[in-house]
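Written out below as structure tokens is the structure these notes cover.
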Amino acid sequence: MRTLRSRLMKEVCGGASPIGWAQRPSGSGATAAMVRFKNRYVLCEVVSEDPRCRQCIEDRAVGLAVRDAIGRVHGDYGLACCSISFTVKYLNAYTGTVLLRCRKDSYRLLCSALPFVRQLESRNLRYPCFLNTLHVGGTIRTCQKFLIQYNRRQLLMLLQNCTNEEERQCIQKSLLSCSLTEEQSQSGDEEDDDGTETD
């Protein structure tokens, strides 16, 4: 069985392993095993002057606009390289945050084409906008951590740019209400940990 498989792999691939398969050397012969594909996650922000643009953002519209930009910039080769594992993993229309996934080998092609996204089309309407790349990470978790830090910095900038005292108090009140909720839930967890006995 192993010799038949290895013979077929040599005939089909010209001696090379097909994509996703690696040969493991062993004493009796080579066996095929799956290899994990590494991905990159690109965290972007949709920037538009038209407030209706964010309300009409859809996964499909963002994916089509990005694929179109890759095709215009890098041609069929770049489009084929990026399309293998490309997908829109997360989209928040309210904040305009988009998380794109692609293969590690082709993330530079994707990132270089993102500035060429000029508009998003949704329901036969075109909205002028562009994608601002915020972070490139190896996992969704690292992108989430970066997004939390980025949003905190943005809130601090908003607080510093307040024009009057009423705006400042409103932002401070909302910041404190968010942070107090986190502290209360954390302190509640600590009380539960202290109250329980371990054997």
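Computed from heavy atoms alone, side chains included, the values below leave out hydrogens, waters and symmetry copies.
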Side-chain heavy atoms of [X] within contact of [Y], under 4.5 Å:
{"X": "Cys44", "Y": "Leu114", "result": "yes"}
{"X": "Cys129", "Y": "Gln119", "result": "no"}
{"X": "Arg126", "Y": "Leu120", "result": "no"}
{"X": "Leu159", "Y": "Arg168", "result": "yes"}
{"X": "Tyr150", "Y": "Ile148", "result": "no"}
{"X": "Val42", "Y": "Leu134", "result": "no"}
{"X": "Ile57", "Y": "Val62", "result": "yes"}
{"X": "Val66", "Y": "Phe86", "result": "yes"}

Consider side-chain contact (heavy atoms from CB on, under 4.5 Å). Of Asn132, Asn92, Val98, which one does Val46 pass it with?
Val98

Working to the nearest 0.5 Å, report the span between [atom1] of [X] and [atom2] of [Y].
{"X": "Asn39", "Y": "Cys102", "atom1": "CG", "atom2": "SG", "answer": "7.5 Å"}
{"X": "Leu64", "Y": "Glu58", "atom1": "CG", "atom2": "CD", "answer": "10.0 Å"}
{"X": "Leu109", "Y": "Arg103", "atom1": "CG", "atom2": "CZ", "answer": "13.5 Å"}
{"X": "Thr139", "Y": "Arg40", "atom1": "OG1", "atom2": "CZ", "answer": "9.0 Å"}
{"X": "Leu155", "Y": "Met157", "atom1": "CG", "atom2": "CE", "answer": "10.5 Å"}
{"X": "Leu99", "Y": "Leu43", "atom1": "CG", "atom2": "CG", "answer": "6.0 Å"}

Which heavy atom of Val117 sits nearest to which heavy atom of Ala69, and what is that distance?
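In terms of heavy atoms, the two residues are closest at CG2-CB, 3.8 Å.
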
Smallest separation among heavy atoms of Glu121 and Ala61, with atom names
O-CB, 3.3 Å

Looking at Ser48 and Pro128, would you say the former's side chain and the latter's main chain have a donor-acceptor pair under 3.5 Å?
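A pair under 3.5 Å: yes.
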
What do the steps show when you test Cys111 against Val136 for side-chain contact (heavy atoms from CB on, under 4.5 Å), and what is the final call?
CA-CA 9 Å; Cys111 289; Val136 177; 3.9 Å; yes

Tell me whether [Y] is reachable from [X] by hopping between hydrophobic residues (I, L, V, M, F, W, Y) whose side-chain heavy atoms are closer than 4.5 Å.
{"X": "Leu131", "Y": "Leu147", "result": "no"}
{"X": "Tyr90", "Y": "Tyr41", "result": "yes"}
{"X": "Ile140", "Y": "Leu100", "result": "no"}

Does atom [atom1] of [X] have more than 12 heavy-atom neighbours from other groups under 6.0 Å away?
{"X": "Arg72", "atom1": "CZ", "result": "yes"}
{"X": "Gln154", "atom1": "CD", "result": "yes"}
{"X": "Asp76", "atom1": "CG", "result": "no"}
{"X": "Arg153", "atom1": "CZ", "result": "yes"}
{"X": "Phe116", "atom1": "CZ", "result": "no"}

Lys NZ or Arg CZ of Arg118 over Phe130 ring: under 6.0 Å, within 45°
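Not flagged: Arg118 not positioned over aromatic ring of Phe130.
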
